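Below: one structure, written as structure tokens.
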Amino acid sequence: MSDDEPSINIPSLLTLAVVSFFVIRWFFNRDSGAGGSRAGAQGRPRGRVVDPEQVEQISQMFPQLNRRDIIWDLQRNGGSVAATTERVLTGRGLEVPPPSFQPQIPTPSTNTAATRASASQSAKQQAQDLISRYNLGSRVEDSSEETESSQAQGGWSQSRNERQRLLQNRRDEMILAARRRLQQKDREAAAPPSASPS
Amino acid sequence: MSSSSVAQKRLFHEYRNLSINPPEGIFAGPATEDDMFNWEALIQGPEGTPFEGGVFAAELKFPKDYPLNPPTMKFVGGGVWHPNGDDPNHYEHASERWSPIQSVEKILISVMSMLAEPNDESPANIEAAKMWRDRRNDYERRVRDEVRRGLGL
């Protein structure tokens, strides 16, 4: 009885291998057939087609990312924007695709060019400086008169409004003071060394 | 007493201490007292680093059960070009052993020291980490540029 087992197993394993080979082949043929008919018009290479809109979407969220990396990741995770976003947000970053991976990077049409412009604009807004973030533009101008005297020390008040004012003042002053110091440094760097030996 | 009112009291207490005795180079307080669970913070770039002279803004969001659990922190505005850059939990590397004895002040101080000494082992911003490792001069120049940009110069 036990002698029979190997002799049964090897042919059955072979059969299994052959059957699965055909099943897999059929599966992939079907897949590429479907993909080919869709992408054939644009002459795309075989393989899963990544939706350019998804690439655009991620690229807008993370302008620093390389489109090729985005396409690679989308292709690998089955076109899931959420998975790619998650990956970037958790700080794992995107894998660098192999050099052989040369996708058609969607050329921005007039439409996407517009969205890209707005994307870079929003990126700029996100990367706004602290002066505009806290509306300090007007106070930058008359910075010369606000000298060390207004250097806000710590402060606390029983009045809630006064507390809030003190806090904001301290915040603004910290930013403006840093800016003044940097400007001062610039002036010193620009002045001839003989004028200011420091 | 609910945990959220414990958190509120504790946050108010920290707010008061930070206002009366502000630590050098650090600012922190609730964006508005209507919501004690959202704070804004400023950190001065540590001296002797390319961040020197800069001021970096961050948002702190506290859980309702603070201080049992730590707040999350995120740089805002120009952000920070740093190997541990935009990792929302980056300071936890420094204080992974969060305990209720920690405080906002300690978190901010540990973030400050992280700016001075990046933790190369778990970079959140891989691009910045590579630059920091391989092209230190470029890295420092970029940080200095961003310091200026952050202050609108």
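Each chain gets a letter, A, B and so on, in the order the sequences are listed, and its residues count up from 1. We use all heavy atoms of the structure for the numbers below, so side chains are in, but hydrogens, waters and symmetry mates are not. As the structure is a computational prediction, the values presented were derived from the model and not from experiment.
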Pair A:D172-A:N169, side-chain donor/acceptor within less than 3.5 Å: no
Could you name the residues of residues 11-18 of chain B that have a heavy atom within less than 4.5 Å of a heavy atom in chain A? B:F12, B:Y15, B:R16, B:L18
[X] versus chain A, heavy atoms under 4.5 Å apart: side chain, backbone, both or neither?
X: B:L42; value: both
X: B:A41; value: neither
X: B:E52; value: side chain

Cation-pi between B:K64 and B:F37: NZ/CZ under 6.0 Å from ring centre and within 45° of the ring axis? yes
CD (B:E47) with more than 12 external heavy atoms under 6.0 Å: no
Sequence-distant partners of B:F51, ring-ring contact (aromatic ring centres under 6.0 Å, His included), two or more places apart: B:F56, B:H82
Of all of B:T32, B:L153, B:I126, which one pairs up most often with chain A through heavy atoms under 4.5 Å apart?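 Counting heavy-atom pairs under 4.5 Å, the top option is B:L153.
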NZ/NE/NH1/NH2 to OD/OE distance under 4.0 Å, A:D186 and A:R181: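 Judged by the 4.0 Å cut-off on N to carboxylate O distance, A:D186 and A:R181 do not form a salt bridge.
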Cationic N near anionic O, under 4.0 Å, A:D73 to A:R68: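 Not counted as a salt bridge, because no side-chain N and carboxylate O are separated by less than 4.0 Å.
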Would you tabulate the side-chain donor-acceptor contacts of residues 127-136 of chain B under 3.5 Å, counting partners in other chains and residues two or more places apart, or write 'none'?
{"unit_1": "B:R135", "atom_1": "NH1", "unit_2": "B:D138", "atom_2": "OD2", "d": "3.1"}
{"unit_1": "B:R136", "atom_1": "NE", "unit_2": "B:W132", "atom_2": "O", "d": "2.6"}
{"unit_1": "B:R136", "atom_1": "NH2", "unit_2": "B:W132", "atom_2": "O", "d": "3.3"}

Apart from A:L16 itself, which Ile, Leu, Val, Met, Phe, Trp or Tyr residues share its cluster (side-chain heavy atoms under 4.5 Å, direct or through members)?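 Besides A:L16, the cluster holds no residue at all.
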